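Shown next, in structure tokens, is the structure this report addresses.
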Amino acid sequence: MTLKLYNTMGRELQDFVPITPGKAGFYGCGPTVYNYAHIGNLRAYVFQDILYKTLEFLGYETTHVMNITDIGHLTGDQDSGKDKMLETAKEKGKTVLEIADFYTKAFFKDTERLNIKRPTVVCKATDHIQDMIELIKRIEANGHTYMAGGNLYFDISTFPDYGKLALLNLDDLKAGARIDIDENKRNPYDFVLWFTKSKFENQALVWDSPWGRGYPGWHIECSAMSMKYLGEEIDIHTGGIDHIPIHHTNEIAQSEGATGHKWVHYWLHNEFLVINKGKMSKSQGNFLTLQSLIDKGYDPLDYRYFLLGAHYRSQIMFSWEAMDSAKNTRKSLEKTVKKLLSQIPEGQEDSINADKELTSPEVKKAMESFSAALAADLSTPKALASMWSLVKTEGVPVSEILSGILVMDKILGIGLEEMIFDKTGSNSGIPAEEIGEIEQLVQERQAAKKSKDFQRADEIRNLLKDKGIILEDKPTGTTWKKI
């Protein structure tokens, strides 16, 4: 089945043809860890999760790379405004790295609660400064830069295709540009690659470079880290629509300015979550965190269900009424699945299997419509409709219906997979020796978390995942199950 994706570069649906047959690499813009992610931010990561799982479902060996911006970032994508990381550090009386570490952990706690699969590679900006410096050297060698006021700028006049992603016209930009507060720029739309003259007092993190001691600009990290892990040509790059006119536009200019060839083949952008007829924003103070929803009595997966009810390219309006509807609908779905599970005779639980060959025409039809929905630019509303159609199917073996649900929920992630595992006792039949090894690793991970060795804890989680073991952290401890 051919996967079709809406490519922002060209504004059209296109067949997905990977650079390397059978493999897919995509880079998703990650969080700037200066505050809790709000539920609008989290929409982007649910979208990335659906893309990641769909690519794997369709048979692609997938590498998903996500950055963590822990250097600092402005209140906007322009080279103006306040440094978010620095502002929060001052406000909290912490170091910038302490702030970054705290909010990085909070972010991944939220993504775990939303059943979002951890990316293949999570890379922190502070660990890749040298990669950024080396990339900037290449951009400079190709004649795209100038020094002014102690900072190194990208000169957009040297890149004729500047603005092609956002459909910007360079002549119109020059004619209509407002005066920028940075008088060092030759063009208001030029952007900084490396700062040596910080606009902020007591800049917390600085590094030596060929241009002086300083820190990278706001866009270079994504280019440098994506190339490090995915190569100089990338299948897919994702982000919110707000990244199109500046951040992603500048990423293209600097990346292709360095390499001299096409960088990203497919650009995918998710729309906003809006509240009170406006974009949800931390700077405007009109944002809710995932914990806010939990405190109101919602399960995090109620919010995931709410998001999946709209296509990722459609703006979605948040309201408590809409959340109630999502919660009740998901509960109804759970109730229906529980009823189906009750019809499985004792001792026949292993008849439910994601790898089961489905023979019923009705079940096969539902699975085909589900696959077609995802292949049609990740249409989660239609995928949910296929799931509902499947659970309501009558006159076919219940084990086939539940096996199909198991496959669907591995992608949709709304909690049915866990329910089925609880019923089927998925850990039964595992040799005692293997169970002992798993338990030992689980205990080692708990010890690592207690000693704050989170890198080792993540390594163990990933090691077990490779073995088909999924961990679930609960207040009462960590449980595991085999898939």
Side-chain angles (χ1 to χ4, degrees), residues 5 7-10 18-20 24-30 32 48 63-69 71 73 77-79 119 121 123-125 127-146 151-168 170 173 187 189-195 209-211 215-269:
L5 298 172
N7 194 346
T8 306
M9 187 71 79
I19 297 165
T20 303
F26 86 91
Y27 182 88
C29 282
T32 302
Q48 288 182 24
T63 302
H64 173 197
V65 179
M66 175 192 287
N67 67 305
I68 300 291
T69 299
I71 292 176
H73 198 57
D77 279 332
Q78 301 91 334
D79 290 321
V121 177
C123 42
K124 295 193 299 184
D127 291 338
H128 296 79
I129 299 300
Q130 193 56 44
D131 297 298
M132 299 179 212
I133 289 172
E134 293 303 318
L135 186 61
I136 295 171
K137 284 181 183 178
R138 293 175 64 185
I139 298 168
E140 183 179 46
N142 288 343
H144 295 294
T145 66
Y146 61 89
N151 298 326
L152 185 72
Y153 292 86
F154 187 98
D155 182 353
I156 68 166
S157 70
T158 66
F159 191 75
D161 281 343
Y162 185 83
K164 60 185 175 182
L165 180 70
L167 303 180
L168 304 175
L170 196 54
L173 283 179
N187 184 304
Y189 293 90
D190 291 346
F191 56 94
V192 180
L193 293 169
W194 188 268
F195 286 98
S209 82
W211 312 282
Y215 58 97
W218 319 123
H219 313 291
I220 196 68
E221 69 173 271
C222 289
S223 293
M225 292 192 287
S226 64
M227 288 185 188
K228 181 179 180 71
Y229 295 105
L230 294 170
E232 294 190 357
E233 270 192 85
I234 298 169
D235 288 313
I236 302 169
H237 194 316
T238 70
I241 60 166
D242 51 330
H243 288 321
I244 297 172
I246 299 174
H247 180 50
H248 287 170
T249 288
N250 290 350
E251 277 189 69
I252 292 169
Q254 65 196 11
S255 300
E256 297 185 1
T259 66
H261 59 70
K262 187 173 186 175
W263 176 45
V264 171
H265 287 227
Y266 301 86
W267 287 92
L268 275 61
H269 292 94

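As the structure is a computational prediction, the values presented were derived from the model and not from experiment.
Counting heavy atoms from C-beta outward, Ile220 and Ile139 have side chains that approach closer than 4.5 Å. Put simply, the side chain of His237 does not reach to within 4.5 Å of the side chain of Ser226, judged on heavy atoms.
In this structure, Trp267 CH2 and Leu5 CG are separated by 14.5 Å, a value rounded to the nearest 0.5 Å. Here NE2 of His243 is found 11.0 Å from NE2 of His219. Values are rounded to the nearest 0.5 Å. Asp161 contributes atom CG, which lies 11.5 Å from atom OG1 of Thr249 (distance to the nearest 0.5 angstrom). Atom CD1 of Ile236 is separated from atom CD1 of Ile19 by 9.5 Å, given to the nearest 0.5 angstrom. With rounding to the nearest 0.5 Å, the separation of NE2 in His64 from CD in Gln48 is 4.0 Å. One finds the CG atom of Asn250 at 11.0 Å from the SG atom of Cys222 (value rounded to the nearest 0.5 Å).
Taking the side-chain hydrogen bond (donor to acceptor under 3.5 Å, both in side chains) definition, one finds that Thr20 meets it with nothing, sequence neighbours left out. Listed by chain and number, the residues in a side chain to side chain contact (heavy atoms under 4.5 Å, CB included) with Lys262 are Glu256, His265 (sequence neighbours excluded). In this view, Phe154 and His144, Phe191 satisfy the ring pair (Phe, Tyr, Trp, His ring centres under 6.0 Å) rule, not counting sequence neighbours. For Ser223, the side chain to side chain contact (heavy atoms under 4.5 Å, CB included) test picks out Leu135, Glu251, Gln254, Ser255, Trp263, with sequence neighbours left out. Take Thr8 and apply the side-chain hydrogen bond (donor to acceptor under 3.5 Å, both in side chains) test, not counting sequence neighbours, and it matches His269. For Thr63, the side chain to side chain contact (heavy atoms under 4.5 Å, CB included) partners two or more places apart in sequence, or in a different chain, are Val65, Thr120, Leu230. Evaluation of the side-chain hydrogen bond (donor to acceptor under 3.5 Å, both in side chains) rule for Ser209 yields Trp194 as partners, not counting sequence neighbours. Under the side-chain hydrogen bond (donor to acceptor under 3.5 Å, both in side chains) criterion, Tyr266 pairs with no residue at all, not counting sequence neighbours. Under the side chain to side chain contact (heavy atoms under 4.5 Å, CB included) criterion, Asp127 pairs with Lys124, not counting sequence neighbours.
Listed for the Asn67 side chain is a donor-acceptor partner under 3.5 Å among the backbone atoms of Gly30. A donor-acceptor pair under 3.5 Å links the side-chain atoms of Asp235 to the main chain of Gly25, judged by distance alone. Side-chain N or O atoms of Asp190 include one that pairs as donor or acceptor with a backbone N or O of Ile156 at under 3.5 Å.
Nearest heavy atom pair, residue Cys123 against residue Tyr229, reads CB-CE1, 3.8 Å. Considering every non-hydrogen atom in both Phe159 and Ala253, the closest pair reads CE2-CA, 3.7 Å. Scanning all heavy atoms of the two residues, the minimum distance from Gly239 to His248 falls at CA-CE1, 3.9 Å.
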Handout entry: Working for side chain to side chain contact (heavy atoms under 4.5 Å, CB included), residues Met9 and Lys164
Key = CA-CA 8 Å; Met9 187 71 79; Lys164 60 185 175 182; 3.9 Å; yes
Handout entry: Derivation and outcome, side chain to side chain contact (heavy atoms under 4.5 Å, CB included), residues Ile244 and Leu165
Key = CA-CA 7 Å; Ile244 297 172; Leu165 180 70; 4.1 Å; yes
Problem - Test side chain to side chain contact (heavy atoms under 4.5 Å, CB included) applied to Met132 and Ile71, step by step - result: CA-CA 13 Å; Met132 299 179 212; Ile71 292 176; 4.3 Å; yes
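Between Tyr153 and Tyr146, the ring-plane angle classifies as parallel under the 30° and 60° cut-offs.
Sorted by first and then second residue, the side-chain hydrogen bond (donor to acceptor under 3.5 Å, both in side chains) pairs with a member in residues 129-143 read Gln130-Glu134, Glu134-Lys137, Arg138-Glu232, Glu140-Trp211; sequence neighbours excluded.
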